[in-house]
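Each remark here refers to the structure printed beneath this line.
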Amino acid sequence: MKDYLVKDNWKIIEDQYHAEFNQISESIFSIGNGQMGQRANFEETFTGETLQGNYIGGVYYPDKTRVGWWKNGYPEYFAKVPNACDWIGIRILLDQEEVNLHLSDIKSFYRELDMKRGLLTRKVEFITPKGRHLSLESQRFCSMADDELGVIRYKVTSHNYSGGLALVSFLDFDVKNSDANYDEKFWDEDHQVANDDAMYVIAKTRKTNFLCAASMDHSLTITGGKSDFYFDYGNGEKYVEVFISGEIVPDGEWSYCKYVNISSSRNHTNEDLQINALSKSKAAKAQGFDALLKDHIDAWANIWNTADIVIKDDVAAQQGIRFNIFQLYQTYTGKDSRLNIGPKGFTGEKYGGSTYWDTEAYCLPFYLSTTDASVARNLLIYRHNQLDRAIENAEKLGFNNGAALYPMVTMNGEECHNEWEITFEEIHRNGAIAYAIYDYIKYTGDKKYLASHGAEVLVAIARFWAHRVNFSEEKQQYVMLGVTGPNEYENNVNNNWYTNYIASWCLEYAAESMAYIKDTHAEDYARIISLIDFSDEELKKWDDIRNNIYLPSDKNKGIYLQQDGFLDKEIIPVADLAPADRPINQKWSWDRILRSCYIKQADVLQGIYFFEDRFDLEDIRRNYVYYEPLTVHESSLSPCVHSILATKLGMDDKAYEMYLRTSRLDLDDYNNDTEDGCHITSMAGTWLAIVRGFAGMSVEGETLSFAPRLPQQWTEVSFKTNFRGQLIEFIMNTNGNEIKNLSNSPIKVLLNNKEVSIDPMKASVE
Ligand code: BGC
């Protein structure tokens, strides 16, 4: 755990230079706008520890995989979001010396990420090895108002130096991914131009042929000393620069603005790309830094207006939740259904920027509540658009009849993962994709989605499960062999309770959905059955499976068994593990982990969390009390589920302990891995822990319901939620609860199971 950042309600602040934490800060202070993202690398040359990172949403490179033992059915490639154009670069050249903070004596350092305004600021005062005393101030943002635009204002001030100064401002596509499997570069040259009229680079991803353009315009103002300066242009492979030279005097300042458009052939034709980039960077310059910043801040204000959670009198908690909300919106804004939410977003290379089940299981509810329903719908459409690939994927593994297995990891619908125990066995992901459709419809009431898109996905997923189970003569029940549940510290197990349960639920939900469409949307029903060759025979088979599926349990303990044979393990609670043994994934052999009773993340409890209404409180308690002490929470997705269930069980201390673990995971570098990037998808879990946990928000029938339990550590929490076209604010504090209807039609909600009616623009106080 680290504690080097200043606590503030709206800002993340590093008020001293921490060379040893620089890569952690580069992740935490990242900026993005859903389309592009940039780690908090320094603009000027820096030879200390750094991971340079700029990413463009949806642009990927199919890196050839590395595996020890090739298995049939493995994908040929692992998609990676390539490190893209270094657009921030500004070198500072003094007479006979280049500024490099790593070699300088840093007198003061201040880095701030203003989350309200989406603005990254850095101020440094330093003395170079040749004794030049200077200050730098940089401000930059990836515009939320124009998602192809990055803007920097960069000031250099001299305190004692008088002499030549040159800024070399560049765009460089000749970059590498640190996680490239074969140390290759992912970009090929297309062409570049650098002159008075135009400065741009166009590069192409190898194999996938995405063309990306980075174009810049700029301005410079000099105060103090001679104000004239000279431009010189240069270019190289995938690289352009402008060399701006002049002089600086003590107390003189150079203020330089850089306006960069980054666009790709995903959004423009190859022919238009160059014109678009060029004209937009020029237009940005014409608008100027302050006007662009204002548009950007307005766009953020719009997001914060509904997405913010306010926690009173607890700055660490307030900063934590805002950081999570901020990073989620920097990663995904929901404008483009071809984009999704990588577990590290735009903050690092790990997980390749690809889509995981995290989106459906964790992120969807966040977007359902904090913005317009079209955003969550786009997340569903993403999977709908990839249905054919999921069917192909299942076919490769020997399934037929339109069965679909969605990939564990994907960029375009194709599976990218190749560890057999996950690729072939961690099939529960299919369940989360069906569950998201259910979650979306339950929350929005948009049942039409079932008929227009959802049913096709549900049927294909149900078909997969129907093939994947087999009938055990011995048990006289359907079983599912050789799977990996959400707990990846067990592989190739039989009858993982979670997987069997969600499979059976998928069969039920798909059948119910088809019956509903048949009754209510005759035309759609006819279209669907002609498309997928669906029959009543198939329904009967699904019924038989779900009524006779084997769900392992232990009657004496009154618990569901994570998988067959779980009780044969030596059961030693995590609390009895020596600290030196943790985290076990770094300290133990894989074999030892697999044989142990330790659970990486919620597994049985993940199922109970999804289907909470189907279990009584005592059932939930017995399973929680049994499994939580065996859980090491070595996936960031784990603590939030535990926090929510603990709240439900009235285990307030546990709920709060688990909440803290999720909310400041990256800010405090809890898992020692923030330098690789932030845990974006689990940030939605922090939001869930407050809204679905502490506030107990759910949908009962067609009504929004709250069952609040304010943590005793807090005095007040409030948030807004969009529900079926209405905006509601929920406030819980030590005096009670208040629900405000911020829309112009009346609303009924449930508060602790009691119906409350609230007129437009009125509140109900309890
Ligand atoms: C977790 C998975 C998750 C992935 C990406 C893994 O550590 O076990 O459940 O999908 O990380 O977040």
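The structure displayed is predicted, hence computed values, not measured ones. Both ligands and their constituent atoms are indexed starting at 1 by order of listing.
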Problem set entry | Cation-pi geometry met for R66 and Y182 (6.0 Å, 45°) | yes

Exercise. Do the ring centers of Y61 and Y77 come within less than 6.0 Å of each other?
Worked result: no

Exercise. Side chains of Y356 and T681: do they bring a donor and an acceptor to under 3.5 Å?
Worked result: no

Exercise. Nearest to atom 4 (C) of ligand 1, what protein heavy atom do you find, and at what distance?
Worked result: Y356 CD2, 3.9 Å

Report, one line per pair, each donor and acceptor closer than 3.5 Å where one atom sits in a side chain of residues 435-442; sequence neighbours left out.
residue	atom	partner	partner atom	Å
Y435	OH	F610	O	2.8
Y440	OH	D446	OD2	2.6

For this session: Go through the side-chain N and O atoms of Y449 and T444 and say whether any donor and acceptor fall under 3.5 Å apart.
Result: no

Problem set entry | Proximal ligand 1 atoms for L637, defined as those under 4.0 Å from one of its heavy atoms | 3 (C), 9 (O)

Exercise. What protein heavy atom is closest to atom 1 (C) of ligand 1, reported as residue, atom name and distance in Å?
Worked result: Q601 OE1, 3.5 Å

Exercise. What protein heavy atom is closest to atom 10 (O) of ligand 1, reported as residue, atom name and distance in Å?
Worked result: D358 OD1, 2.7 Å

Exercise. At a 4.0 Å threshold, what atoms of ligand 1 neighbour a non-hydrogen atom of W357?
Worked result: 2 (C), 3 (C), 9 (O), 10 (O)

Problem set entry | Residue part near ligand 1, for K600, under 4.0 Å between non-hydrogen atoms | side chain

Exercise. Does the ring center of Y367 lie less than 6.0 Å from the ring center of Y332?
Worked result: yes

For this session: Under 4.0 Å from a heavy atom of P343: give me the atoms of ligand 1 that qualify, with their elements.
Result: 5 (C), 12 (O)

Exercise. Of all the non-hydrogen atoms in the protein, which one sits nearest to atom 11 (O) of ligand 1, and at what distance?
Worked result: Y351 OH, 3.4 Å

